[in-house]
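Working notes, structure below.
Predicted, not measured: the structure shown is a model, and the values here were computed from it. We number each residue from 1, following the sequence as shown.
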Amino acid sequence: MRWAERGIGPVKASLLAIALLAVATYFVFTKQLPFAHHYTVTAVMRNSNLLVQGSPVRVGGVDVGKVTAVGRYGDTDLAKVTMQLDNGHQPLHADATLRVRPRLFLEGNFYVDLTTGTPSSPVMHSGATIPVNHTFDPVQIDQLFDVFPGDIRARLQRTLVGFGQALDAPPSAADNARQDPAVRGLTGGEALNKALATSPRALRDSAIVSDALTGPNGRALSRTIAGLARATDGLARSGSQLTALVSEFDQTMRATAAQQQGLRRTVALLGPTAANADTAFDALDQGLPATERFARAIATGIPELPATITAADPWLAQAKPLLSGSELGGLLRELVPATGQLAQLTHASRQFLPQIDAFDRCISDVFLPTGNIAVSDGALSTGVANYQEFWYAIAGQAAEGQGADGNGNFLRIGAAGGPFTIETGQTNFYGRLGTKFAQADLPPLRTRPSYPNSVPVLQRSVPCYTQPVPNVNGPASIGPADGSRPNAPPPALPNDPTGKIG
(Lines give C-alpha, C1' and ligand atoms only; values in the text may rest on other atoms or scores of the structure.)
Protein backbone atom coordinates (compact mmCIF):
# COMPACT_ATOMS: atom_id res chain seq x y z
CA MET A 1 0.00 0.00 0.00
CA ARG A 2 2.89 2.39 0.72
CA TRP A 3 4.45 1.83 -2.75
CA ALA A 4 1.06 2.51 -4.33
CA GLU A 5 0.61 5.65 -2.26
CA ARG A 6 4.05 7.04 -3.36
CA GLY A 7 3.37 6.32 -7.04
CA ILE A 8 6.22 3.80 -7.70
CA GLY A 9 6.12 0.06 -7.68
CA PRO A 10 8.72 -2.49 -6.57
CA VAL A 11 9.69 -3.35 -10.18
CA LYS A 12 10.33 0.25 -11.11
CA ALA A 13 12.37 0.76 -7.96
CA SER A 14 14.54 -2.28 -8.80
CA LEU A 15 15.10 -1.05 -12.36
CA LEU A 16 16.06 2.40 -11.08
CA ALA A 17 18.55 0.87 -8.63
CA ILE A 18 20.10 -1.25 -11.44
CA ALA A 19 20.46 1.86 -13.63
CA LEU A 20 22.13 3.81 -10.85
CA LEU A 21 24.50 0.89 -10.20
CA ALA A 22 25.41 0.73 -13.92
CA VAL A 23 26.17 4.46 -14.01
CA ALA A 24 28.33 4.18 -10.88
CA THR A 25 30.21 1.18 -12.38
CA TYR A 26 30.84 3.17 -15.57
CA PHE A 27 32.29 6.06 -13.57
CA VAL A 28 34.52 3.69 -11.57
CA PHE A 29 36.04 1.91 -14.58
CA THR A 30 36.22 4.81 -17.09
CA LYS A 31 37.18 7.49 -14.52
CA GLN A 32 35.49 10.17 -16.60
CA LEU A 33 32.12 11.82 -16.96
CA PRO A 34 30.11 10.69 -20.00
CA PHE A 35 29.00 14.18 -20.99
CA ALA A 36 32.22 16.05 -20.17
CA HIS A 37 34.15 17.66 -23.02
CA HIS A 38 37.60 16.14 -23.71
CA TYR A 39 40.47 17.45 -25.80
CA THR A 40 41.14 15.08 -28.72
CA VAL A 41 44.11 15.07 -31.07
CA THR A 42 45.09 12.78 -33.96
CA ALA A 43 48.65 11.80 -34.91
CA VAL A 44 49.84 10.29 -38.20
CA MET A 45 52.62 7.70 -37.79
CA ARG A 46 54.58 5.32 -39.97
CA ASN A 47 53.96 2.41 -37.62
CA SER A 48 51.63 2.07 -34.65
CA ASN A 49 51.53 -1.69 -34.16
CA LEU A 50 52.88 -1.21 -30.61
CA LEU A 51 49.96 0.90 -29.44
CA VAL A 52 46.52 -0.40 -28.47
CA GLN A 53 43.32 1.23 -27.35
CA GLY A 54 43.81 2.40 -23.79
CA SER A 55 47.58 2.95 -24.01
CA PRO A 56 48.50 5.90 -21.77
CA VAL A 57 49.51 9.31 -23.09
CA ARG A 58 52.14 11.10 -20.99
CA VAL A 59 53.66 14.57 -20.94
CA GLY A 60 56.89 14.78 -18.96
CA GLY A 61 56.22 11.33 -17.44
CA VAL A 62 52.74 12.30 -16.16
CA ASP A 63 49.59 10.62 -17.54
CA VAL A 64 47.41 13.22 -19.29
CA GLY A 65 45.16 10.96 -21.38
CA LYS A 66 44.90 7.74 -23.31
CA VAL A 67 44.70 6.30 -26.83
CA THR A 68 41.10 5.89 -27.94
CA ALA A 69 41.55 4.47 -31.46
CA VAL A 70 44.26 3.07 -33.73
CA GLY A 71 43.73 2.55 -37.47
CA ARG A 72 44.88 3.28 -41.00
CA TYR A 73 45.25 6.85 -42.20
CA GLY A 74 43.05 7.01 -45.28
CA ASP A 75 44.21 4.86 -48.21
CA THR A 76 47.89 5.19 -47.30
CA ASP A 77 50.28 2.84 -45.50
CA LEU A 78 50.44 5.26 -42.59
CA ALA A 79 48.72 4.76 -39.25
CA LYS A 80 46.36 7.10 -37.44
CA VAL A 81 46.33 7.29 -33.64
CA THR A 82 43.50 9.13 -31.92
CA MET A 83 44.15 10.34 -28.36
CA GLN A 84 41.90 11.83 -25.72
CA LEU A 85 43.52 14.22 -23.25
CA ASP A 86 42.12 15.15 -19.86
CA ASN A 87 41.03 18.64 -18.94
CA GLY A 88 43.66 20.84 -17.33
CA HIS A 89 46.61 19.60 -19.39
CA GLN A 90 49.12 21.98 -20.92
CA PRO A 91 48.07 23.31 -24.35
CA LEU A 92 49.62 21.72 -27.41
CA HIS A 93 51.37 23.86 -30.00
CA ALA A 94 51.91 23.42 -33.74
CA ASP A 95 55.46 22.03 -33.27
CA ALA A 96 54.41 19.37 -30.74
CA THR A 97 56.07 15.97 -31.24
CA LEU A 98 55.08 12.40 -30.42
CA ARG A 99 57.21 9.36 -29.66
CA VAL A 100 56.26 5.76 -28.84
CA ARG A 101 58.28 4.49 -25.89
CA PRO A 102 58.29 1.20 -23.94
CA ARG A 103 56.75 1.22 -20.50
CA LEU A 104 58.39 -0.18 -17.39
CA PHE A 105 58.92 -3.92 -17.09
CA LEU A 106 56.01 -4.38 -14.67
CA GLU A 107 53.72 -2.08 -16.69
CA GLY A 108 54.13 -3.81 -20.03
CA ASN A 109 53.13 -2.50 -23.46
CA PHE A 110 54.08 0.95 -24.78
CA TYR A 111 52.94 4.52 -24.15
CA VAL A 112 52.79 7.80 -26.07
CA ASP A 113 55.39 10.37 -25.01
CA LEU A 114 53.95 13.74 -26.02
CA THR A 115 55.79 17.07 -25.98
CA THR A 116 53.69 20.23 -25.99
CA GLY A 117 55.98 22.26 -28.27
CA THR A 118 57.33 25.77 -27.85
CA PRO A 119 55.06 28.54 -26.48
CA SER A 120 55.90 30.79 -29.45
CA SER A 121 54.16 28.37 -31.89
CA PRO A 122 50.40 28.53 -32.56
CA VAL A 123 48.12 26.57 -30.22
CA MET A 124 46.55 23.34 -31.57
CA HIS A 125 42.81 23.17 -30.98
CA SER A 126 40.82 20.03 -30.23
CA GLY A 127 40.56 17.75 -33.26
CA ALA A 128 43.89 18.90 -34.78
CA THR A 129 46.35 16.44 -36.36
CA ILE A 130 50.06 16.04 -35.58
CA PRO A 131 51.82 15.44 -38.94
CA VAL A 132 53.94 12.38 -39.62
CA ASN A 133 57.19 14.36 -39.63
CA HIS A 134 56.56 15.21 -35.96
CA THR A 135 56.11 11.58 -34.88
CA PHE A 136 58.80 8.98 -34.17
CA ASP A 137 58.57 5.19 -34.00
CA PRO A 138 60.35 3.16 -31.30
CA VAL A 139 63.56 1.31 -32.12
CA GLN A 140 63.09 -2.47 -32.27
CA ILE A 141 65.70 -5.03 -31.27
CA ASP A 142 66.19 -6.23 -34.86
CA GLN A 143 66.81 -2.64 -35.99
CA LEU A 144 69.40 -2.31 -33.25
CA PHE A 145 71.21 -5.40 -34.54
CA ASP A 146 71.10 -3.97 -38.09
CA VAL A 147 72.81 -0.77 -36.94
CA PHE A 148 75.44 -2.64 -34.87
CA PRO A 149 76.93 -5.59 -36.84
CA GLY A 150 78.76 -8.44 -35.16
CA ASP A 151 82.20 -6.82 -35.04
CA ILE A 152 80.83 -3.56 -33.66
CA ARG A 153 78.86 -5.45 -31.01
CA ALA A 154 81.99 -7.39 -30.05
CA ARG A 155 83.90 -4.14 -29.59
CA LEU A 156 80.98 -2.70 -27.61
CA GLN A 157 81.00 -5.81 -25.40
CA ARG A 158 84.71 -5.42 -24.74
CA THR A 159 84.13 -1.73 -24.02
CA LEU A 160 81.38 -2.54 -21.50
CA VAL A 161 83.47 -5.22 -19.80
CA GLY A 162 86.45 -2.90 -19.64
CA PHE A 163 84.25 -0.10 -18.33
CA GLY A 164 82.91 -2.37 -15.60
CA GLN A 165 86.43 -3.46 -14.65
CA ALA A 166 87.63 0.14 -14.61
CA LEU A 167 84.83 1.10 -12.22
CA ASP A 168 84.98 -1.96 -9.97
CA ALA A 169 88.57 -3.24 -9.97
CA PRO A 170 90.83 -2.04 -7.12
CA PRO A 171 93.87 -0.04 -8.30
CA SER A 172 97.27 -1.68 -8.52
CA ALA A 173 100.22 -0.45 -6.49
CA ALA A 174 101.67 1.31 -9.55
CA ASP A 175 98.35 2.99 -10.34
CA ASN A 176 97.90 3.98 -6.70
CA ALA A 177 101.26 5.73 -6.66
CA ARG A 178 100.19 8.01 -9.52
CA GLN A 179 96.76 8.89 -8.10
CA ASP A 180 95.74 11.86 -6.04
CA PRO A 181 96.01 11.12 -2.29
CA ALA A 182 92.28 11.75 -1.89
CA VAL A 183 91.34 8.70 -4.03
CA ARG A 184 94.19 6.28 -3.39
CA GLY A 185 93.01 2.77 -2.66
CA LEU A 186 89.48 3.47 -4.04
CA THR A 187 87.82 1.82 -7.03
CA GLY A 188 86.55 3.89 -9.93
CA GLY A 189 82.98 3.82 -8.61
CA GLU A 190 84.05 4.91 -5.13
CA ALA A 191 86.11 7.74 -6.59
CA LEU A 192 83.08 8.90 -8.60
CA ASN A 193 81.06 8.95 -5.38
CA LYS A 194 83.56 11.37 -3.87
CA ALA A 195 83.34 13.47 -7.03
CA LEU A 196 79.60 13.97 -6.44
CA ALA A 197 80.41 16.14 -3.43
CA THR A 198 81.99 18.73 -5.76
CA SER A 199 79.50 18.27 -8.60
CA PRO A 200 77.06 21.11 -7.63
CA ARG A 201 79.67 23.83 -8.00
CA ALA A 202 81.07 22.28 -11.20
CA LEU A 203 77.59 22.09 -12.73
CA ARG A 204 76.92 25.72 -11.87
CA ASP A 205 80.11 26.70 -13.67
CA SER A 206 79.09 24.50 -16.64
CA ALA A 207 75.73 26.27 -16.77
CA ILE A 208 77.51 29.62 -17.04
CA VAL A 209 79.68 28.28 -19.88
CA SER A 210 76.65 26.82 -21.71
CA ASP A 211 74.81 30.12 -21.35
CA ALA A 212 77.78 31.98 -22.84
CA LEU A 213 78.06 29.43 -25.66
CA THR A 214 74.45 29.86 -26.77
CA GLY A 215 74.75 33.67 -26.75
CA PRO A 216 72.57 36.43 -25.24
CA ASN A 217 69.44 35.34 -27.12
CA GLY A 218 70.14 31.59 -27.01
CA ARG A 219 70.53 31.28 -30.79
CA ALA A 220 74.19 32.05 -31.39
CA LEU A 221 75.14 28.40 -31.91
CA SER A 222 72.11 27.73 -34.10
CA ARG A 223 73.05 30.68 -36.34
CA THR A 224 76.58 29.32 -36.58
CA ILE A 225 75.27 25.91 -37.67
CA ALA A 226 72.89 27.61 -40.12
CA GLY A 227 75.84 29.50 -41.62
CA LEU A 228 77.73 26.23 -41.95
CA ALA A 229 74.72 24.73 -43.72
CA ARG A 230 74.66 27.64 -46.19
CA ALA A 231 78.37 27.18 -46.84
CA THR A 232 77.82 23.47 -47.46
CA ASP A 233 74.95 24.29 -49.81
CA GLY A 234 77.26 26.61 -51.74
CA LEU A 235 79.78 23.81 -52.14
CA ALA A 236 77.02 21.48 -53.33
CA ARG A 237 76.15 23.91 -56.14
CA SER A 238 79.54 23.38 -57.73
CA GLY A 239 78.74 21.60 -60.97
CA SER A 240 82.11 20.02 -61.68
CA GLN A 241 82.37 18.38 -58.28
CA LEU A 242 78.81 17.06 -58.52
CA THR A 243 79.53 15.64 -61.96
CA ALA A 244 82.58 13.84 -60.60
CA LEU A 245 80.51 12.58 -57.67
CA VAL A 246 77.83 11.15 -59.95
CA SER A 247 80.46 9.54 -62.16
CA GLU A 248 82.22 7.92 -59.21
CA PHE A 249 78.90 6.79 -57.78
CA ASP A 250 78.08 5.14 -61.11
CA GLN A 251 81.42 3.33 -61.02
CA THR A 252 80.69 2.19 -57.49
CA MET A 253 77.31 0.79 -58.53
CA ARG A 254 78.91 -1.04 -61.45
CA ALA A 255 81.52 -2.56 -59.15
CA THR A 256 78.77 -3.60 -56.73
CA ALA A 257 76.81 -5.24 -59.56
CA ALA A 258 79.94 -7.11 -60.62
CA GLN A 259 80.17 -8.59 -57.12
CA GLN A 260 76.54 -9.69 -56.94
CA GLN A 261 77.48 -13.30 -56.31
CA GLY A 262 79.52 -12.27 -53.29
CA LEU A 263 76.62 -10.16 -52.08
CA ARG A 264 74.29 -13.15 -52.34
CA ARG A 265 76.70 -15.19 -50.21
CA THR A 266 76.84 -12.33 -47.73
CA VAL A 267 73.06 -12.29 -47.44
CA ALA A 268 73.08 -16.05 -46.93
CA LEU A 269 75.42 -15.59 -43.98
CA LEU A 270 72.96 -13.34 -42.20
CA GLY A 271 71.35 -16.39 -40.64
CA PRO A 272 73.95 -16.64 -37.83
CA THR A 273 72.80 -13.24 -36.57
CA ALA A 274 70.69 -14.93 -33.92
CA ALA A 275 73.69 -16.98 -32.75
CA ASN A 276 75.83 -13.83 -32.60
CA ALA A 277 73.11 -12.11 -30.60
CA ASP A 278 73.10 -15.01 -28.13
CA THR A 279 76.88 -14.64 -27.74
CA ALA A 280 76.46 -10.91 -27.23
CA PHE A 281 73.89 -11.48 -24.49
CA ASP A 282 76.23 -13.95 -22.76
CA ALA A 283 79.00 -11.36 -22.77
CA LEU A 284 76.55 -8.80 -21.44
CA ASP A 285 75.61 -11.17 -18.61
CA GLN A 286 79.30 -11.41 -17.71
CA GLY A 287 79.53 -7.64 -17.50
CA LEU A 288 76.40 -7.20 -15.37
CA PRO A 289 77.90 -8.41 -12.02
CA ALA A 290 80.53 -5.67 -12.16
CA THR A 291 77.82 -3.15 -13.02
CA GLU A 292 75.73 -4.39 -10.10
CA ARG A 293 78.64 -3.90 -7.70
CA PHE A 294 79.16 -0.45 -9.13
CA ALA A 295 75.47 0.35 -8.50
CA ARG A 296 75.80 -0.75 -4.86
CA ALA A 297 78.94 1.37 -4.49
CA ILE A 298 77.35 4.44 -6.04
CA ALA A 299 74.33 4.14 -3.75
CA THR A 300 76.41 5.66 -0.97
CA GLY A 301 76.47 8.91 -2.96
CA ILE A 302 72.67 9.17 -3.20
CA PRO A 303 72.43 11.65 -0.25
CA GLU A 304 74.41 14.10 -2.37
CA LEU A 305 71.98 13.88 -5.29
CA PRO A 306 69.37 16.46 -4.08
CA ALA A 307 71.93 19.24 -3.95
CA THR A 308 73.39 18.08 -7.26
CA ILE A 309 69.97 18.09 -8.93
CA THR A 310 69.20 21.57 -7.58
CA ALA A 311 72.47 22.86 -8.94
CA ALA A 312 71.93 21.07 -12.26
CA ASP A 313 68.54 22.69 -13.01
CA PRO A 314 69.95 25.89 -14.58
CA TRP A 315 72.53 23.83 -16.44
CA LEU A 316 69.83 21.55 -17.86
CA ALA A 317 67.82 24.60 -18.96
CA GLN A 318 70.84 25.77 -20.95
CA ALA A 319 71.85 22.31 -22.16
CA LYS A 320 68.42 21.39 -23.56
CA PRO A 321 68.58 23.77 -26.57
CA LEU A 322 72.27 23.01 -26.96
CA LEU A 323 71.64 19.24 -27.22
CA SER A 324 68.57 19.54 -29.48
CA GLY A 325 68.43 18.07 -32.96
CA SER A 326 69.28 21.41 -34.56
CA GLU A 327 72.39 21.83 -32.42
CA LEU A 328 74.66 19.12 -30.98
CA GLY A 329 72.11 16.37 -31.57
CA GLY A 330 72.73 16.52 -35.30
CA LEU A 331 76.46 16.49 -34.69
CA LEU A 332 76.17 13.35 -32.55
CA ARG A 333 74.32 11.55 -35.34
CA GLU A 334 77.24 12.32 -37.62
CA LEU A 335 79.69 10.96 -35.02
CA VAL A 336 77.97 7.55 -34.72
CA PRO A 337 80.29 5.85 -37.27
CA ALA A 338 83.26 6.80 -35.09
CA THR A 339 82.02 4.63 -32.21
CA GLY A 340 83.70 1.48 -33.51
CA GLN A 341 87.06 3.19 -34.02
CA LEU A 342 86.80 4.82 -30.59
CA ALA A 343 86.20 1.46 -28.92
CA GLN A 344 89.19 -0.03 -30.75
CA LEU A 345 91.34 2.95 -29.72
CA THR A 346 90.23 2.58 -26.10
CA HIS A 347 91.15 -1.11 -26.11
CA ALA A 348 94.55 -0.47 -27.72
CA SER A 349 95.38 2.46 -25.42
CA ARG A 350 95.38 0.09 -22.43
CA GLN A 351 98.51 -1.53 -23.92
CA PHE A 352 100.04 1.66 -25.33
CA LEU A 353 99.81 3.88 -22.23
CA PRO A 354 101.96 1.65 -19.93
CA GLN A 355 104.64 1.48 -22.63
CA ILE A 356 104.75 5.24 -23.23
CA ASP A 357 104.71 5.75 -19.45
CA ALA A 358 107.78 3.49 -19.05
CA PHE A 359 109.52 5.35 -21.90
CA ASP A 360 108.77 8.77 -20.36
CA ARG A 361 110.04 7.65 -16.96
CA CYS A 362 113.24 6.31 -18.57
CA ILE A 363 113.84 9.67 -20.28
CA SER A 364 113.07 11.76 -17.18
CA ASP A 365 114.66 9.51 -14.51
CA VAL A 366 117.72 8.05 -16.31
CA PHE A 367 118.52 9.57 -19.70
CA LEU A 368 118.22 13.29 -18.90
CA PRO A 369 119.99 13.07 -15.48
CA THR A 370 122.84 11.19 -17.18
CA GLY A 371 123.21 13.95 -19.77
CA ASN A 372 123.35 16.59 -17.02
CA ILE A 373 126.40 15.03 -15.27
CA ALA A 374 129.71 16.83 -15.73
CA VAL A 375 132.44 14.34 -16.71
CA SER A 376 135.64 14.66 -14.64
CA ASP A 377 138.70 14.29 -16.88
CA GLY A 378 141.47 15.79 -14.77
CA ALA A 379 143.14 18.79 -16.34
CA LEU A 380 141.00 18.34 -19.47
CA SER A 381 137.72 18.63 -17.58
CA THR A 382 135.30 21.19 -19.08
CA GLY A 383 133.11 21.53 -15.97
CA VAL A 384 129.87 21.48 -18.00
CA ALA A 385 127.21 18.82 -18.46
CA ASN A 386 128.28 16.08 -20.85
CA TYR A 387 125.46 16.80 -23.31
CA GLN A 388 126.88 20.34 -23.64
CA GLU A 389 130.38 18.91 -23.98
CA PHE A 390 129.14 16.81 -26.92
CA TRP A 391 127.99 19.91 -28.80
CA TYR A 392 131.23 21.68 -27.91
CA ALA A 393 133.11 18.78 -29.53
CA ILE A 394 130.98 19.08 -32.69
CA ALA A 395 131.70 22.81 -32.86
CA GLY A 396 135.42 22.15 -32.25
CA GLN A 397 135.62 19.61 -35.06
CA ALA A 398 133.91 22.06 -37.41
CA ALA A 399 136.37 24.79 -36.40
CA GLU A 400 139.38 22.48 -36.75
CA GLY A 401 138.54 21.83 -40.39
CA GLN A 402 138.56 25.53 -41.31
CA GLY A 403 141.35 26.78 -43.56
CA ALA A 404 142.99 30.19 -43.69
CA ASP A 405 143.54 30.30 -47.47
CA GLY A 406 139.91 30.56 -48.59
CA ASN A 407 139.91 27.08 -50.15
CA GLY A 408 137.29 25.68 -47.79
CA ASN A 409 137.45 22.95 -45.14
CA PHE A 410 140.10 20.23 -45.05
CA LEU A 411 140.78 17.17 -42.89
CA ARG A 412 143.88 16.85 -40.71
CA ILE A 413 144.94 13.26 -40.08
CA GLY A 414 148.11 11.62 -38.84
CA ALA A 415 150.32 9.72 -41.22
CA ALA A 416 149.47 6.03 -41.48
CA GLY A 417 151.91 3.33 -40.42
CA GLY A 418 154.30 3.02 -37.53
CA PRO A 419 155.84 0.52 -35.12
CA PHE A 420 152.96 0.55 -32.62
CA THR A 421 150.08 -1.87 -33.16
CA ILE A 422 146.67 -0.75 -31.89
CA GLU A 423 143.92 -3.31 -31.30
CA THR A 424 140.32 -2.09 -31.13
CA GLY A 425 138.80 -5.21 -29.64
CA GLN A 426 135.37 -6.54 -30.57
CA THR A 427 133.11 -3.59 -31.47
CA ASN A 428 129.47 -3.41 -32.50
CA PHE A 429 130.19 -0.66 -35.01
CA TYR A 430 131.74 -3.10 -37.46
CA GLY A 431 129.16 -5.81 -36.94
CA ARG A 432 130.58 -9.21 -37.71
CA LEU A 433 133.97 -8.00 -39.00
CA GLY A 434 135.60 -8.83 -35.67
CA THR A 435 138.64 -7.18 -34.01
CA LYS A 436 140.42 -4.36 -35.89
CA PHE A 437 144.14 -3.54 -35.92
CA ALA A 438 146.09 -0.44 -36.98
CA GLN A 439 149.72 0.76 -36.97
CA ALA A 440 150.51 4.12 -35.28
CA ASP A 441 153.69 6.16 -35.29
CA LEU A 442 153.14 7.24 -31.66
CA PRO A 443 152.23 5.01 -28.71
CA PRO A 444 148.73 5.64 -27.28
CA LEU A 445 148.58 7.10 -23.79
CA ARG A 446 145.47 5.24 -22.60
CA THR A 447 141.70 5.05 -23.05
CA ARG A 448 139.42 7.06 -20.77
CA PRO A 449 137.16 5.46 -19.72
CA SER A 450 138.76 2.08 -20.14
CA TYR A 451 137.14 -0.11 -22.79
CA PRO A 452 135.69 -3.31 -21.26
CA ASN A 453 136.73 -6.72 -22.48
CA SER A 454 133.13 -7.58 -23.36
CA VAL A 455 130.01 -5.59 -24.13
CA PRO A 456 127.45 -5.68 -21.27
CA VAL A 457 124.48 -7.95 -21.91
CA LEU A 458 121.39 -6.07 -23.07
CA GLN A 459 118.42 -7.24 -20.97
CA ARG A 460 115.24 -6.12 -22.71
CA SER A 461 113.01 -7.57 -19.99
CA VAL A 462 114.29 -5.09 -17.36
CA PRO A 463 112.57 -1.65 -17.54
CA CYS A 464 114.92 1.22 -18.22
CA TYR A 465 113.46 3.47 -15.50
CA THR A 466 114.35 0.91 -12.81
CA GLN A 467 118.08 1.24 -13.56
CA PRO A 468 120.28 3.73 -11.62
CA VAL A 469 121.88 6.73 -13.27
CA PRO A 470 125.28 5.56 -14.67
CA ASN A 471 128.32 6.64 -12.65
CA VAL A 472 130.33 8.21 -15.47
CA ASN A 473 132.96 9.36 -12.96
CA GLY A 474 133.36 5.95 -11.33
CA PRO A 475 136.49 3.81 -10.92
CA ALA A 476 136.45 2.70 -14.55
CA SER A 477 136.85 6.31 -15.74
CA ILE A 478 139.44 7.52 -13.21
CA GLY A 479 143.11 6.57 -13.50
CA PRO A 480 145.43 7.88 -10.77
CA ALA A 481 144.10 8.84 -7.34
CA ASP A 482 144.15 12.55 -8.18
CA GLY A 483 142.08 11.97 -11.29
CA SER A 484 144.68 13.59 -13.63
CA ARG A 485 146.42 12.12 -16.65
CA PRO A 486 149.72 10.32 -15.97
CA ASN A 487 152.75 12.50 -16.63
CA ALA A 488 155.16 9.63 -17.33
CA PRO A 489 156.69 9.81 -20.81
CA PRO A 490 155.50 7.21 -23.28
CA PRO A 491 157.71 4.27 -24.22
CA ALA A 492 160.64 5.10 -26.49
CA LEU A 493 160.42 4.36 -30.16
CA PRO A 494 162.76 1.66 -31.60
CA ASN A 495 166.29 2.98 -32.33
CA ASP A 496 165.62 5.98 -30.04
CA PRO A 497 167.97 5.59 -27.01
CA THR A 498 167.02 9.01 -25.65
CA GLY A 499 163.48 7.84 -24.89
CA LYS A 500 162.01 10.88 -26.59
CA ILE A 501 159.27 10.76 -29.11
CA GLY A 502 160.57 11.87 -32.49
Shortest non-hydrogen contact from [X] to [Y]?
X      : Y      : result
Gly162 : Arg350 : CA-NH1, 4.3 Å
Val59  : Thr116 : CG1-CG2, 3.9 Å
Ser364 : Pro369 : O-CD, 3.4 Å
Val366 : Tyr465 : CG2-CA, 4.1 Å
Gly371 : Ala385 : O-CB, 3.5 Å

_Determine whether Thr97 and Phe136 satisfy the following criterion, side chain to side chain contact (heavy atoms under 4.5 Å, CB included), listing intermediate values before the conclusion._
CA-CA 8 Å; Thr97 59; Phe136 304 92; 4.3 Å; yes

Once rounded to the nearest 0.5 Å, what's the spacing between atom [atom1] of [X] and atom [atom2] of [Y]?
X      : Y      : atom1 : atom2 : answer
Cys464 : Gln459 : SG    : CD    : 13.0 Å
Thr252 : Arg254 : OG1   : CZ    : 11.0 Å
His93  : Thr115 : NE2   : OG1   : 10.5 Å
Phe367 : Tyr387 : CZ    : OH    : 12.0 Å
Leu368 : Ile373 : CG    : CD1   : 11.5 Å
Arg204 : Ile208 : CZ    : CD1   : 8.5 Å

Could you tell me whether a side-chain N or O of [X] sits under 3.5 Å from a main-chain N or O of [Y], the two making a donor and an acceptor?
X      : Y      : answer
Asp95  : Thr118 : yes
Gln259 : Thr256 : no
Gln53  : Thr68  : yes
His134 : Ala96  : yes
Asn386 : Thr370 : yes
Ser55  : Val67  : no
Ser121 : Ala94  : no
Thr42  : Thr129 : no

*asked:* Could you walk me through whether Thr159 and His347 satisfy the side chain to side chain contact (heavy atoms under 4.5 Å, CB included) test, starting with their C-alpha distance in whole Å, then the side-chain angles of each, then the deciding distance to 0.1 Å, before giving a yes or no?
replied: CA-CA 7 Å; Thr159 301; His347 180 73; over 6 Å; no

So do [Y] and [X] actually touch side chain to side chain, heavy atoms under 4.5 Å?
X      : Y      : result
Glu190 : Thr187 : yes
Met253 : Phe249 : yes
Arg101 : Phe110 : no
Ile130 : Met124 : yes
Leu98  : Met45  : yes
Val132 : Thr135 : yes
Asp63  : Val57  : no
Leu85  : Leu92  : yes

*Does OH in Tyr73 sit with more than 12 non-hydrogen atoms of other residues, nucleotides or ligands closer than 6.0 Å?*
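12 or below, so no.
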
*Does atom CG of Asn133 have more than 12 heavy-atom neighbours from other groups under 6.0 Å away?*
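More than 12 within 6.0 Å, yes.
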
*Could you check Val112 against Met83 for side chain to side chain contact (heavy atoms under 4.5 Å, CB included), going step by step and ending with a plain yes or no?*
CA-CA 9 Å; Val112 175; Met83 296 165 288; 3.8 Å; yes

*Looking at Asp113 and Arg58, does any basic side-chain N land under 4.0 Å from a carboxylate oxygen?*
no

*Can you find a side-chain donor-acceptor pair between Thr346 and Ser349 that sits under 3.5 Å?*
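There is no such pair between these side chains.
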
